[in-house]
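Notes to accompany the following structure.
Proteins come first, then strands; the chains are lettered A, B, ... in the order of their sequence lines, and each starts at number 1. All heavy atoms count here, side chains included; hydrogens, waters and symmetry mates do not.
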Number of protein chains: 4
Amino acid sequence: MIRFECDYNEGAHERILQRLISTNMEQTSGYGKDAHCDRARSLIRQACENEKADVHFLVGGTQTNTTVIASILRPYQGVIAATSGHIAVHETGAIEATGHKVITVPSEDGKITSDQVKAVYDAHWNDAAPEHCVQPGMVYISQPTENGTMYSKAELQALFDVSRQCGLPFFIDGARLGYALASRNCDMTLADLARLCDVFYIGGTKIGALMGEAVVILNDKLKPDFRYMIKQKGGLLAKGRLLGIQFETLFEDGLYLEISQHAVDMAMLIHDSLVEQGITFLYDSPTNQQFPILPDDLLQDLRSRYSFTFWEKVSDTHSVVRFCTSWATQRENVDSLIRDISHALNKLKACV
Amino acid sequence: MIRFECDYNEGAHERILQRLISTNMEQTSGYGKDAHCDRARSLIRQACENEKADVHFLVGGTQTNTTVIASILRPYQGVIAATSGHIAVHETGAIEATGHKVITVPSEDGKITSDQVKAVYDAHWNDAAPEHCVQPGMVYISQPTENGTMYSKAELQALFDVSRQCGLPFFIDGARLGYALASRNCDMTLADLARLCDVFYIGGTKIGALMGEAVVILNDKLKPDFRYMIKQKGGLLAKGRLLGIQFETLFEDGLYLEISQHAVDMAMLIHDSLVEQGITFLYDSPTNQQFPILPDDLLQDLRSRYSFTFWEKVSDTHSVVRFCTSWATQRENVDSLIRDISHALNKLKACV
Amino acid sequence: MIRFECDYNEGAHERILQRLISTNMEQTSGYGKDAHCDRARSLIRQACENEKADVHFLVGGTQTNTTVIASILRPYQGVIAATSGHIAVHETGAIEATGHKVITVPSEDGKITSDQVKAVYDAHWNDAAPEHCVQPGMVYISQPTENGTMYSKAELQALFDVSRQCGLPFFIDGARLGYALASRNCDMTLADLARLCDVFYIGGTKIGALMGEAVVILNDKLKPDFRYMIKQKGGLLAKGRLLGIQFETLFEDGLYLEISQHAVDMAMLIHDSLVEQGITFLYDSPTNQQFPILPDDLLQDLRSRYSFTFWEKVSDTHSVVRFCTSWATQRENVDSLIRDISHALNKLKACV
Amino acid sequence: MIRFECDYNEGAHERILQRLISTNMEQTSGYGKDAHCDRARSLIRQACENEKADVHFLVGGTQTNTTVIASILRPYQGVIAATSGHIAVHETGAIEATGHKVITVPSEDGKITSDQVKAVYDAHWNDAAPEHCVQPGMVYISQPTENGTMYSKAELQALFDVSRQCGLPFFIDGARLGYALASRNCDMTLADLARLCDVFYIGGTKIGALMGEAVVILNDKLKPDFRYMIKQKGGLLAKGRLLGIQFETLFEDGLYLEISQHAVDMAMLIHDSLVEQGITFLYDSPTNQQFPILPDDLLQDLRSRYSFTFWEKVSDTHSVVRFCTSWATQRENVDSLIRDISHALNKLKACV
């Protein structure tokens, strides 16, 4: 079975493993107070071109979203997100479990607009009795989105501007951030993104690390006491150095972007090949997740050799599926997938 | 600096690292649904002599305590624990953050008694208006305790009996469980312990693993839907296999107990040497944490070469400190510590 | 100013006030453990034709919804409701504040269908990884709805059947229940409704009482320890007798339905008069809330003498507003409103 | 049965009932936005000599404590209170249900000291890893306490000073506030108290009202959005005017203090009579709750005619009980109680 079902099918980049081995018997303090974490924090601050940013390491995405959001909202506030946002659908109500509503706005492709944010804000404050409703308290987006789509720099700027104007902290979930930054039509750097939000995180789990997400807090008001939140929400790893060592490795010489680039290149091979054969896609994704619309018969055949994610049926004969590439995807497997799909499509055409 | 301040100063046992390397490019499903997790679950069930036990892997201790406790209690219930229990003092209110009171009972040495549990239960139900008070809903202990002390099999039996009698699930926090099982006066096996509670966990973070705790659910009523709780509380690791691989390694040929034994042996060297020199201890600990009462002057000197934890002052001239050993503690460091303390004590005696 | 903006503009039915006076210096136990509460509970059980029902008195609607829902759901479960459901939009996230998601389904008129419930249930359990999503844990509807519409007995039966089939407790918010039971096309009695759900409440605040809602628990599994929930959520009134006395008065000789009937009659006068004049309505409401679509100019004029609720704009020239009647609505005020609207409509027609 | 078991055995002061009747058919806006609430707010501000205070009306004590505390604390903070504080023992974990620990400090008589607050604060911030513990976030006391005891002005000043110094909002639970202000050794006015805290509430339920507590927020930082909190926590009464009317009546011409005085006078009759007969008390209470230590035989006899609260056994032959008086206590009942106890004591002495 060759797996394209997600971007966390393998372990970690070998350089990370090597570093874990070489540092294994070092004795360090716990809970992120060690030299590796310090260095990783420093490298990330440099990459963000912000020497004052606070950087914290957590273990996983749901945990990170919950911790950041719960640290920001007042008890009667909610977080604005796309209906398809990870926090809205795939975290088993983790946000609600901390007492907060996810205020969803509709989205076709996983993205939301500054106009939507403004509309939610205005609707609330124009209500004759706003205190009977959840108050919008912050804005959440994913870059790239859960659908592989990506915000342009101008779109982020517009979202950040409207958030500022409304007094709403703007949080970017970067579980797959590298795959956006490495995409061929990306018009921003990590530093650009760090200038266009109040807090975001850099995903490690899906990009080369065993596990780990680096939260970067830009807004001074959101900085105090964040470690209390991490500890309470179960994210303060005893051997915090494990996260430090991994992010150190990912950020000391560009490894993070380098392996992200590989994943995107692999995804584009699949994408371009399918386009060539006239296949259309549910979402226009320039990143590591591809959502082609394919004949059910073809998919049925494919399943014997490849794993991928069923997304939705679009007609009696066709479905959308998701193929993910990652830092670990091997070129030969991609070639094989392309070949097998191509072959199957040709056979189908021949039948008609 | 030689570190004795805690039992998570190093990385992982080398066999675990080797296994991570050898499995690194295997492609597996996420979230604990892979062959390594399956095998680890099976090995743990065998070690517990309970083929029906549910086994789940989480990342850290606070997360595990929170997830287990929140999965058991009804909204108006609390968990009975020692005033010194980890959940009562060192988890930043994680239990309260899920809506539940920690109902503390006093303890001199970290242990609680079945009589104390019964008394809390009776006091509640004998109240004329119990519904104005938090209802006791379960019992929490640590084995060994945060003070290094240990429950005997008879004590566990008594706690389990009274819990059953009161209808209270009995949960054992085993963050350092190996260090209890390997202690020289331990009168129980892992399988014994698994027969004497409703749910417990086997700590990996402090005993050889990079991170990871294995929750073992014995009581059928507590089994359904536990994965929802893990996901919501941020403990469902995307690359769940990392936990599976580690527990597989720890349990396939007795490594867990073997390295626990080493830690306890090292602790006993320190303990016996100090006893020989007339030093007394705050707690009578047969496990990897030792709490000697030492002269402040000596401690001041020791700090230049060793790290350890200040516990409390007991007089104008003496303090209690904590020395921890672990699976990774090196004999030569222990010898050096013993020698330096011994030397200092002799100097002090000479002065008098 | 003549007020039609809501159904809680006045105090209480005079018989309730008289009873409060006549019982004022009686000495009773607190917290609902008094003879008045006992008698009220008994009268409600009789009206529900269910001698085993548990009846509890709480103070307000948001409190009641929160207490009931939080008492039922497991931490990872959510409650299915219409997007327009009171708990979804007008309770400042009270449900989320207890840790639970409101799983909304679209609704044009405030009602949801058994098919919608089934679809949510099936979608969850057919998911390949349901534990990543909030589990549907119960069903919430309002009878009548927030839009004045009403479920028929067959619709309730279908909802109850599907809920049973899915193992989801079915909860009916009856903040305005009397106004449904008294409506001219109501095909059910209170006892019928009590046979078609697991738990519901009978609203007092909007129907004759100073305040107070009577929760009726039919399902034995939902009965234990409910008083703990009431106390914790702040609903256990010290002078519980106040609620007992009021529900005693409302239920001892049919007062509840009698005054509900009056409100509906008043609403129908408005409704029928507007229909006669060709006015259409946003919702087809047979209860005490009416949502006519009226010219903005007319509404502007009306505002100098009457208060009512702006609902939404439907065109450049027309808006929907809400008129509420209640047990306290005076016929002469209704006549005056009808006359003034009629007069204004005629004037507008004359202009055209 | 003559009841002395609590201070909410009767309905409301007759002037309040009269006012409810005379205003009953007035039409007002809901949720506390009416002229009665406005006037009551204004009267309370005058009594507090603070024109900028925010005044809000809630229904009950547990609800009020929960709402105020949850509005102040950050998610990782707890509230410092006496072990005997109402929030620590008699609210079914309502505070914990909003996510917060009650950090208890020991108390013999229900009072806590500024030194205790300072010690908790210092212990937290001197900890090497404070983020592993709940951060003290505010201070809660009751005036008078649950044991009838009272803080002097100097004690309040010291608590307020230390709270300020530590940056901890200081909250006074005044469920029985009138009974403190009216006590014979009270050295403060309502206005004094309002100068010595950040927020407090004036209890109505136990002093003349049917129900209702008036929260007074002095500290500007605690004022924004408090109505959202009230709504979410179920305390925003639809017919808010009911609370306005009651507090208007209590504060327009001194009724609140006048009826508090009566309760204290009645309590002092009991107190002085028992002292005269050599009876000692568990707490030195100058307010409406008295805790005498009496022979069990005597108490057994007394129970046939009087209700009172068993507090605790102090020896094989004696127990502490609680007698409460209130605004509604009748002199003849007090005389009768005193006579019966006196008679019984004399009989017992004669036996010896």
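Contact count against chain D (heavy-atom pairs under 4.5 Å) is highest for C:Ile21 among C:Leu58, C:Thr66, C:Ile21. Note on C:Thr62, C:Asn24, C:Ile2, C:Leu17: by heavy-atom pairs under 4.5 Å with chain D, the leading option is C:Asn24. Across D:Gly60, D:Ala328, D:Ala12, the residue that shares the most heavy-atom pairs under 4.5 angstrom with chain C is D:Ala12. Ranking D:Lys206, D:Glu96, D:Glu26 against chain C, the residue ahead of the rest is D:Glu26, based on heavy-atom pairs under 4.5 Å.
A 4.5 Å side-chain heavy-atom check between D:Leu20 and C:Leu20 finds every atom pair outside the cut-off. The side-chain heavy atoms of C:Gln27 and D:Glu10, taken from C-beta on, include a pair separated by under 4.5 Å.
Taking all atoms of both residues into account, the shortest heavy-atom contact from C:Gly11 to D:Lys239 is O-NZ, 2.8 Å. Scanning all heavy atoms of the two residues, the minimum distance from D:Thr205 to C:Ala238 falls at CG2-CB, 3.7 Å. Looking at every heavy atom in both residues, D:Gln63 comes nearest to C:Gly234 through NE2-O, 3.4 Å. Here the shortest heavy-atom pairing between C:Gly93 and D:Gln232 reads O-NE2, 3.7 Å. The two residues D:His90 and C:Lys231 make their nearest non-hydrogen contact at O-CE, 3.2 Å. Minimum heavy-atom separation, C:Leu237 to D:Met211: CD1-CB, 4.0 Å.
Both the backbone and the side chain of C:Ser29 have a heavy atom closer than 4.5 Å to some heavy atom of chain D. For a residue to count as touching a neighbouring chain, one of its non-hydrogen atoms must lie under 4.5 Å from one of that chain's; by this rule C:Gln330 touches chain D with the side chain only. Residue C:Ala209 touches chain D through its backbone alone, counting heavy-atom pairs closer than 4.5 Å. If you measure heavy-atom distances from C:Leu242 to chain D, the contacts under 4.5 Å come from the side chain alone. Only the side chain of C:Tyr31 comes within contact range of chain D, judged by heavy atoms closer than 4.5 Å. Proximity to chain D (any heavy atom under 4.5 Å) is shown, for C:Met229, by neither the backbone nor the side chain.
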Q: Apply the test side-chain contact (heavy atoms from CB on, under 4.5 Å) to residues C:Leu236 and D:Thr92: give CA-CA distance (whole Å), side-chain angles for both, the deciding distance (0.1 Å), then the verdict.
A: CA-CA 11 Å; C:Leu236 198 60; D:Thr92 322; over 6 Å; no
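Atom CG in C:Leu210 sits 9.0 Å away from atom CZ in D:Arg241 (nearest 0.5 Å).
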